[in-house]
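Quick notes on the structure that follows.
Only a predicted model underlies this, so the values are computations on that prediction, with no experimental measurement involved. Hydrogens, waters and symmetry mates play no part in the numbers below; they use all other heavy atoms, side chains included. Sequence lines set the chain letters: A, B, ... in the order given, protein chains first and strands last, and positions in each chain run from 1.
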Amino acid sequence: MRDGIDREQVSGALLRWYDRAARVLPWRVGPAERAAGVVPDPYRVWLSEVMLQQTTVATVKAYFHRFTTRWPTVEALAAAQDAEVMAEWAGLGYYARARNLIACARAVAAQGGFPDTLDGLRALPGIGAYTAASVAAIAFDRSETVVDGNVERVVARLFAVRDPMPKSKPMLARLAARLTPLERPGDFAQAMMDLGATVCTPRTPRCDDCPLAGFCEAQAQGIAAELPVKTAKTPKPTRRGIAYVVIREDGAPLLETRPPKGLLGGMPGWPGSDWGDDPTPAPPLAADWALLPGVVKHTFTHFHLELSVATARVPQAVNPETGDFRPGFDPGALPTVMRKVWDHAASGDLFAGRDGA
DNA sequence: GACGCGTGGAT
DNA sequence: TATCCAAGCGT
């Protein structure tokens with residue numbers, strides 16, 4: 001590992017690059033605006049950082065726009081109904097983030113605003129080491145070290161750290177702290193992440209375009225693309241299940257709200273079997289079920305899922321064993337796997353009527 | 001510290 | 001097609 005990297009030289013070179021090449025993002029106060037005295041809104045910084053957790057910039061943009069249009073302030077978000085927020089979050093994934101977002105907004109509103117220290121932020125729901133540091137640095141100009149996957153990769157290469165992740169994470173964080181400047185910590189953090197996202201990329205880093213190439217030990221050794229080393233991941237198993245899509249005469253679909261914790265917690269979904277090697281059928285009511293051909297495939301973080309879909313139309317009077325009929329339900333409020341089930345059901349004869357078959 | 005937790009784009 | 005990966009957090 002190289003040890004002679006100078007904080008001022010590295011942060012200076014990176015900030016000069018950022019002043020010239022910073023991406024324009026909806027939640028970002030760019031270097032020129034910042035220099036002109038524009039102050040970031042902690043609410044927008046926090047909201048964007050939570051949305052960006054393990055989620056790409058391209059995906060977040062539309063959600064950020066919808067959220068800030070509908071709820072322009074943390075007080076407005078705090079006053080929203082849970083189900084409204086969950087529905088607006090639908091499709092973005094990691095739904096615990098949305099539950100924590102609501103809890104955090106209400107705590108902040110009750111406190112009269114966001115805390116402006118690392119520890120104060122860190123104590124809020126859904127705010128961990130990364131988000132606390134990024135909000136402290138970007139919104140409150142505090143010299144905190146922001147460490148995300150980009151920063152870990154950049155630092156691993158700068159210092160040619162060959163120890164595998166995740167074991168090396170604490171070391172990478174210490175090395176990142178060495179580089180964090182006292183001035184412009186927020187721009188520095190965003191510059192590190194921009195660099196990782198656009199230049200110091202995972203597979204094929206563009207070292208020829210890198211403002212830090214002259215400081216980079218991995219570049220000097222010709223091993224930038226090999227770093228950081230990661231320990232191998234275990235392969236994903238495949239689970240199977242059956243989802244039941246029932247439409248009542250009035251068009252209301254039968255849905256249930258999933259338990260508040262765990263997979264898709266708090267989100268609406270179709271009644272179904274367990275998900276496993278050999279699922280047991282579990283229709284939510286007695287009906288003339290039609291098992292559709294094909295399966296819906298979806299991959300979660302730690303397993304593949306193949307769902308068979310059974311559909312039925314039922315009269316107005318029936319009472320389901322699980323879930324409830326929801327007139328006027330918007331399929332856009334479904335998490336993606338459940339929306340795929342809906343799309344698959346709609347491709348069948350669910351709406352054509354099967355009486356004439 | 002390891003695991004559970006979504007989704008869509010890149011390779 | 002399969003795998004990797006992304007501005008992580010909570011338990």
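The closest side-chain donor-acceptor pair between A/Glu306 and A/Thr238, if any, does not fall under 3.5 angstrom. Residues A/Tyr130 and A/Gln53 bring no donor and acceptor atom of their side chains to less than 3.5 Å of each other.
Here A/Trp27 lies in heavy-atom contact (under 4.0 Å) with a base. Here A/Ile127 lies in heavy-atom contact (under 4.0 Å) with sugar-phosphate atoms only. Counting non-hydrogen atoms under 4.0 angstrom, A/Thr299 reaches a base of the nucleic acid.
Not a single donor-acceptor contact under 3.5 angstrom links the side-chain atoms of A/Thr55 to the base of B/dG8. Between the side chain of A/Thr301 and the base of B/dG6, a donor-acceptor pair under 3.5 Å is found. Between the side chain of A/Tyr94 and the base of B/dG6 there is at least one donor-acceptor pair of N/O atoms closer than 3.5 Å.
Centroid-to-centroid, the aromatic rings of A/Phe303 and A/Phe300 come within less than 6.0 Å.
Residue A/Lys236 is the one, among A/Lys236 and A/Gly149, whose nearest nucleotide of DNA chain C lies closer to the 5' end (criterion: closest heavy atom). Of the residues near DNA chain C, A/Lys230 and A/Lys261, the one whose nearest nucleotide (by heavy atom distance) lies more toward the 5' end is A/Lys230. Of the residues near DNA chain B, A/Ala58 and A/Arg99, the one whose nearest nucleotide (by heavy atom distance) lies more toward the 5' end is A/Arg99. Of the two residues contacting DNA chain B, namely A/Gly91 and A/Pro170, the nearest-nucleotide position lying further toward the 5' end is that of A/Pro170.
For A/Thr59, taking side-chain heavy atoms from C-beta onward, the closest of the listed nucleotides C/dC5, C/dG8, B/dG8 is B/dG8. The side chain of A/His298 lies closest to B/dG6, out of B/dG6, C/dA6, C/dC5. Minimum atom distance to the side chain of A/Arg203 is reached by C/dT3, of the listed C/dT3, B/dT7, C/dC9. Side-chain atoms of A/Thr56 lie closest to C/dA6 of the nucleotides C/dA6, C/dT3, B/dG6.
Atom CG of A/Leu92 and atom P of B/dC5 are 18 Å apart (whole Å). The separation between A/Gln54 atom CD and B/dG6 atom P is 12 Å, rounded to whole Å. Straight-line distance from the CG atom of A/Leu195 to the P atom of C/dA6: 14 Å, rounded to whole Å. Between A/Tyr130 atom OH and C/dA6 atom C1' the separation is 11 Å, expressed in whole Å. We find that CZ of A/Arg122 is positioned 10 Å from C1' of C/dG8, with the value rounded to whole Å. Residue A/Tyr63 contributes atom OH, which lies 9 Å from atom P of B/dT7 at whole-angstrom precision.
The OG1 atom of A/Thr73 lies 11.5 Å from the CG atom of A/Leu47; values are rounded to the nearest 0.5 Å. Atom CG of residue A/Asp194 and atom CZ of residue A/Arg23 lie 4.0 Å apart, to the nearest 0.5 angstrom.
In terms of heavy-atom proximity, A/Pro185 sits nearest to A/Glu144 at CB-N, 4.5 Å.
Between A/Arg153 and C/dA6 there is a side-chain N or O to OP1 or OP2 distance below 4.0 Å. Phosphate contact (OP1/OP2 of B/dC5, side-chain N/O of A/His302, threshold under 4.0 Å): present. For C/dG8, neither phosphate oxygen OP1 nor OP2 lies less than 4.0 angstrom from any side-chain nitrogen or oxygen of A/Gln53.
Around CG of A/Leu291, the count of heavy atoms belonging to other residues, nucleotides or ligands within 6.0 Å exceeds 12.
Within residues 331-340 of chain A, no residue places a heavy atom under 4.0 Å from DNA chain C.
Using a 4.0 Å cut-off between charged nitrogen and carboxylate oxygen, A/Asp187 and A/Arg184 count as a salt-bridge pair.
B/dC3 and C/dC4: their P atoms are spaced 16 Å apart (whole Å).
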